[in-house]
Visitor: 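One structure follows; several queries about it will come next.
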There are 2 protein chains.
Amino acid sequence: MTARISAVNSAGFVSPAGLTAVPVVLAPRQGRLQVLLVPRTEEPFAGTWALPGGFMSPAERPEETAQRKLTEKTGVGAIYLEQLQTYAEPDQDPRGWIPTIAYLALIDAAVLRAESNARWVPVDDLPPLAFDHARVVRDGVERLRGKLWWSNIAVGLLPERFTMPQARAVFEAISGVRHEPSNFRRELEQSGLVRATGEVARVGPGRPAALYEFVERRPAWSLRRSRPPATVRARR
Amino acid sequence: MTARISAVNSAGFVSPAGLTAVPVVLAPRQGRLQVLLVPRTEEPFAGTWALPGGFMSPAERPEETAQRKLTEKTGVGAIYLEQLQTYAEPDQDPRGWIPTIAYLALIDAAVLRAESNARWVPVDDLPPLAFDHARVVRDGVERLRGKLWWSNIAVGLLPERFTMPQARAVFEAISGVRHEPSNFRRELEQSGLVRATGEVARVGPGRPAALYEFVERRPAWSLRRSRPPATVRARR
DNA sequence: TCAATAGTGTCTTTTAGACACTATATT
DNA sequence: AATATAGTGTCTAAAAGACACTATTGA
């Protein structure tokens, strides 16, 4: 086991040994919601996986640290970054008093391939995680699901322009439930979050799909809809 | 100006000079939502007000620190305490690198009188606040309003047993909008958050009001309702 | 009995869920 | 033409909003 780190400030009091920022990077892949993890090589967590976080410096804003760590691991920055929660339990980190500021991060759909030794893992099938990162992932998933229909948080997970079936696939992967196609269309249109571009996408057989785009690409809330749509019920 | 505090950990890196936890204590008073503030005496913030926070120790969970500071200032603990957000901007604290974990705190309606040199101030009429506490208060108010109809968060703000008009007054003070009495009653009953006790309250003229209580006094979410009730529109 | 406050009933409007049907492409 | 996918229309059910009306107290 590595030595425990400690710190004392210039007034003589014990202070945190460090401060970390960790992004929970989520994306729908293969129809399921997945999270980006990196392997942990140091004891006592060798063999487990962890979120791609790192130590903050005094000159850095915590979002910047989360962004930087993310870029180091994936080669891209986050399209969306929102503070999730801070974890500061006394014994959460065996290295010492090291609180963690967690962020919910979404990266552009187009760069989902870029990886190093990082790995995408379905959030409902996690390997053993270091620290309390399993809980952090759970909190992140919950936040993403909770905001899905109330904000344009899905912006970064869809291409610039997308079809209704594409959007539906992403929403279904995130929430884990199936939606009725025609109702999904109506709900998303009425949400005020998206707008038709007038163009269509021709791919394969079948009627071409109309292309949509988000009205607002910066973080924003829906003004119209009042509740999330229902899931599809079994046919009777 | 006081000297800037710094800290270095045993591995030789700069570490935070301290970590603070600050509760945003909110309560409806005199029909308006108010926040509990304490006067700041030290430079450079002498003359301003601040949230009643304080430094954490390594052995303390951050919620405990927030609770303790609250008790020191008001004589009571929080009935409800929930992490709001962490503020760790590089220059937010002139004393040094001191991140702040903010909590949303509600205290029992019965002890709202207990004060020391602390003061209740309407959230829409704040005096100059130290640090970025004005922003912290805004974030707390937003969270409280957002959760009002979706959880039993109002538990601590109402007496053990309360009448519908009382509940309505509290909800209106928090949200800042007026509700139609009969619809308010229906919505709150159907929310599943409260239940009639069968007793009535006789006070002054008029028909006695039935007494209600919360089904669950621990933090919980409503299962039934899907959106907040409408505000009262002007008569036509 | 009157003023004051609490509570009920109900009509209308809006929103959501189910699902039959139409449209437009490829092979 | 057959098949596949996209999109429309609409019926029904449930929820919310408006508001007239009834109920029960103290003075």
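Chain letters run A, B, ... following the sequence lines, proteins first, then strands; residues in each count from 1. Keep in mind that the numbers below use all heavy atoms, side chains included, and drop hydrogens, waters and symmetry copies.
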Visitor: Using whole Å, report how far NE2 of A:His179 lies from P of C:dC19.
Guide: 17 Å

Visitor: Check every atom of C:dC19, D:dA6, C:dT8 against the side chain of B:Arg185 and return the nucleotide holding the closest atom.
Guide: C:dT8

Visitor: Heavy atoms from C-beta onward define the side chain here; which of C:dA16, D:dG9, D:dC19 lies closest to that of A:Ser182?
Guide: D:dG9

Visitor: Between A:Glu142 and A:Arg145, does any side-chain N to carboxylate O distance fall below 4.0 Å?
Guide: no

Visitor: What integer distance in Å separates B:Gln166:CD from C:dG7:P?
Guide: 11 Å

Visitor: Does the side chain of A:Lys69 come under 3.5 Å of the side chain of A:Tyr103 through a donor N or O and an acceptor N or O?
Guide: no

Visitor: For the side chain of A:Ala209, starting at C-beta, report the closest nucleotide among D:dA6, C:dG7, D:dC19.
Guide: D:dA6

Visitor: For B:Pro181, which contact category applies under a 4.0 Å heavy-atom criterion: base, sugar-phosphate, or nothing?
Guide: nothing

Visitor: Would you call the rings of A:His179 and A:Phe184 parallel, tilted or perpendicular, taking 30° and 60° as the class edges?
Guide: tilted

Visitor: Closest nucleotide of DNA chain C for B:Gly206 versus for B:Ala210: which of these residues is on the 5' side?
Guide: B:Gly206

Visitor: Could you tell me whether the side chain of A:Arg186 has a donor or acceptor atom within less than 3.5 Å of a complementary atom in the base of D:dG9?
Guide: no

Visitor: To the nearest Å, give me how far apart CZ (A:Arg168) and C1' (D:dG7) are.
Guide: 11 Å

Visitor: Given atom CZ of A:Arg202 and atom P of C:dA23, what is their separation to the nearest angstrom?
Guide: 18 Å

Visitor: Kindly point out which of C:dC19, D:dG26, D:dC19 is positioned nearest to the side chain of B:Asn183?
Guide: D:dC19

Visitor: Is the A:Phe162 ring parallel, tilted or perpendicular to the A:Phe214 ring (thresholds 30°, 60°)?
Guide: tilted

Visitor: Here's a test of your reading of the structure: between A:Thr163 and B:Gly204, which maps to the more 5' nucleotide of DNA chain D?
Guide: A:Thr163

Visitor: OP1 or OP2 of C:dG7 versus the side-chain N and O atoms of B:Arg207: is any pair under 4.0 Å?
Guide: no

Visitor: When the distance from CD of B:Glu187 to P of C:dG7 is rounded to whole Å, what number comes out?
Guide: 17 Å

Visitor: Could you tell me how far apart B:Leu188 (CG) and C:dG7 (P) are, to the nearest whole angstrom?
Guide: 12 Å

Visitor: Check for me whether the distance between the ring centres of B:Trp49 and B:Phe131 falls short of 6.0 Å.
Guide: no

Visitor: Just how far, in rounded Å, is P of D:dT25 from CG of B:Leu211?
Guide: 14 Å

Visitor: Calculate the interatomic distance between A:Glu180 atom CD and D:dA13 atom P; express it in whole Å.
Guide: 17 Å

